[in-house]
Amino acid sequence: MPDRSAPLPGGIGVSRLRVYDTVAPDGVVGGTPHVHLCCTEGYVVTGGEGAVQTLTAAGYREIPLRPGAVVWFEPGTVHRLVNGGGLTIVVLMQNSGLPEAGDAVLTFPPEVLADPAAYAAAAALPGGGAPGADVTAAYRRRDLAVTGFQALRTGGPAALAAFHSAAVALRRPLLARWRERWAAGAGRAAAGTGEQLDALDRGDPGHLGEAGVYAVDEPVERGRLGMCGLLDTYPATA
């Protein structure tokens with residue numbers, strides 16, 4: 001059996017996503033608006049149709065999603081998936097699953113963001129969202145986040161800047177752990193490429209003789225409750 005301990009290319013995380021298919025308070029079918037603070041996220045659309053709503057300092061956009069489309073966005077982009085029917089996506093995330101370690105802040109109203117205990121209670125899912133957990137809790141937190149997202153869309157750049165500041169204040173206690181994860185994952189992968197380039201520059205092919213082949217036959221979990229839908233998750237290492 002192949003060794004499964006090597007990281008995925010560049011220390012990325014991979015999951016399959018089936019976007020929620022229930023209606024939020026604004027009449028839109030889909031997921032929970034949120035932001036990442038230091039991870040770029042990418043989508044490869046594999047089925048169905050829909051859109052991703054984004055909000056940045058440049059304004060609001062809605063990008064159509066159909067099979068074959070690839071969309072990605074940088075940290076600070078508030079984003080929300082809209083399900084137009086059977087939308088399924090392969091999600092690519094920077095930094096070895098860092099979003100699952102806290103690099104995601106939901107667009108709850110300001111009074112919730114300002115209170116870590118209130119935020120934690122509003123964001124909590126039974127069993128941490130493990131497969132088989134009650135999905136109504138995921139819908140409840142989505143609906144609260146949609147309320148905050150609507151206010152951000154109408155509040156202009158000042159409202160978005162205030163949200164970004166509140167998100168950073170909320171997550172600062174986690175930064176030391178995030179740095180450790182980054183150093184062991186994406187940081188280590190980038191440093192390893194530098195070492196390989198140095199070796200090649202010396203004419204040293206040693207690392208080429210140490211090549212490995214890795215495989216994962218299926219997701220380690222199916223149907224975990226995510227922010228935007230049901231996730232089939234893979235390990236951060238292959």
Side-chain angles (χ1 to χ4, degrees), residues 7-8 10-17 20 31-43 54-56 72-81 91-131 133 135 137-146 148-149 152 160-189 220-221 223-237:
L8 289 165
I12 64 167
V14 176
S15 59
R16 297 191 309 198
L17 173 66
Y20 292 133
T32 308
H34 62 282
V35 72
H36 302 292
L37 305 184
C38 60
C39 290
T40 292
E41 181 173 358
Y43 299 148
T54 65
L55 184 64
T56 67
W72 65 99
F73 39 86
E74 296 173 326
T77 304
V78 178
H79 51 285
R80 175 198 190 187
L81 281 168
V91 181
L92 308 176
M93 296 293 306
Q94 269 189 313
N95 299 322
S96 308
L98 183 58
E100 286 72 37
D103 182 27
V105 177
L106 309 183
T107 56
F108 292 153
E111 63 273 16
V112 179
L113 289 170
D115 182 342
Y119 181 93
L125 295 174
V135 73
Y139 297 154
R140 183 168 56 250
R141 72 174 186 177
R142 175 201 60 190
D143 293 350
L144 182 61
V146 166
F149 181 56
L152 288 177
L160 181 61
F163 169 71
H164 284 162
S165 294
V168 171
L170 183 70
R171 291 307 195 213
R172 281 190 72 184
L174 303 178
L175 292 183
R177 293 205 300 271
W178 291 5
R179 187 176 294 275
E180 291 175 359
R181 183 183 287 255
W182 165 79
R188 182 177 179 182
V220 295
E221 288 185 315
R224 169 168 285 277
L225 300 183
M227 282 164 284
C228 287
L230 299 176
L231 291 167
D232 296 341
T233 63
Y234 295 84
T237 58

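Hydrogens, waters and symmetry mates are skipped; everything else that's a heavy atom, side chains included, is used.
- Here the shortest heavy-atom pairing between Cys38 and Leu98 reads SG-CD2, 3.5 Å.
- Side-chain contact between Val35 and Thr107 is absent, with no heavy atoms from C-beta onward closer than 4.5 Å.
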**Study point:** Steps toward side chain to side chain contact (heavy atoms under 4.5 Å, CB included) verdict (His36, Met93)
**Key:** CA-CA 10 Å; His36 302 292; Met93 296 293 306; 3.7 Å; yes

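- Under the 4.5 Å side-chain criterion, counting only non-hydrogen atoms from C-beta, Val105 is in contact with Leu170.
- Summarising the geometry of Leu225 relative to Ala138, their closest heavy-atom pair is CD1-CB, 4.4 Å, with the distance given to 0.1 Å.
- Side-chain contact between Val146 and Arg80 is present, with heavy atoms from C-beta onward closer than 4.5 Å.
- Side-chain contact between Ser15 and Asp232: absent, with no pair of heavy atoms (C-beta onward) separated by less than 4.5 Å.
- No side-chain donor-acceptor contact under 3.5 Å links Tyr20 to the backbone of Leu81.
- Enclosure of atom CD in Glu74 is not indicated, since only 12 or fewer non-hydrogen atoms of other residues, nucleotides or ligands lie within 6.0 angstrom.
- The heavy-atom pair separating Leu231 from Gly226 by the smallest distance is CD1-CA, 3.8 Å.
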I'd like a table of donor-acceptor pairs (distance under 3.5 Å, sequence neighbours excluded) in which one partner is a side-chain atom from residues 172-188, with atom names and distances.
| residue | atom | partner | partner atom | Å |
| --- | --- | --- | --- | --- |
| Trp178 | NE1 | Ala101 | O | 3.2 |
| Arg181 | NH1 | Ser96 | O | 2.8 |

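- Leu106 pairs in a side chain to side chain contact (heavy atoms under 4.5 Å, CB included) with only one of the listed residues (Val78, Leu113, Thr32), which is Thr32.
- Taking the side chain as every heavy atom from C-beta outward, Val14 and Val91 never approach each other to under 4.5 Å.
- A pairwise comparison of heavy atoms in Arg171 and Tyr119 identifies NH2-CE2, 3.7 Å as the closest pair.
- Partners of Phe73 according to the ring-ring contact (aromatic ring centres under 6.0 Å, His included) rule, which considers only residues two or more places apart in sequence or in another chain, are Tyr43, His79.
- No side-chain heavy atom of Leu92 sits under 4.5 Å from any side-chain heavy atom of Trp72.
- Of all non-hydrogen atoms in Pro99 and Cys39, the two that sit nearest each other are CD-SG, 3.8 Å.
- Nearest approach of Ala145 to Pro33, heavy atoms of both residues: O-CG, 3.7 Å.
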Check your understanding: How far apart are the C-alpha atoms of Leu160 and His164, what are their side-chain angles, what is the distance that settles it, and do they pass the side chain to side chain contact (heavy atoms under 4.5 Å, CB included) test?
Key -> CA-CA 6 Å; Leu160 181 61; His164 284 162; 3.7 Å; yes

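- Side chains of His34 and Cys228 form a contact here, defined as non-hydrogen atoms less than 4.5 Å apart.
- A donor-acceptor pair under 3.5 Å is formed between the side chain of Arg224 and the backbone N or O of Gly128.
- Every side-chain contact (heavy atoms from CB on, under 4.5 Å) that Pro109 has, sequence neighbours left out, goes to Glu111, Val112, Leu144.
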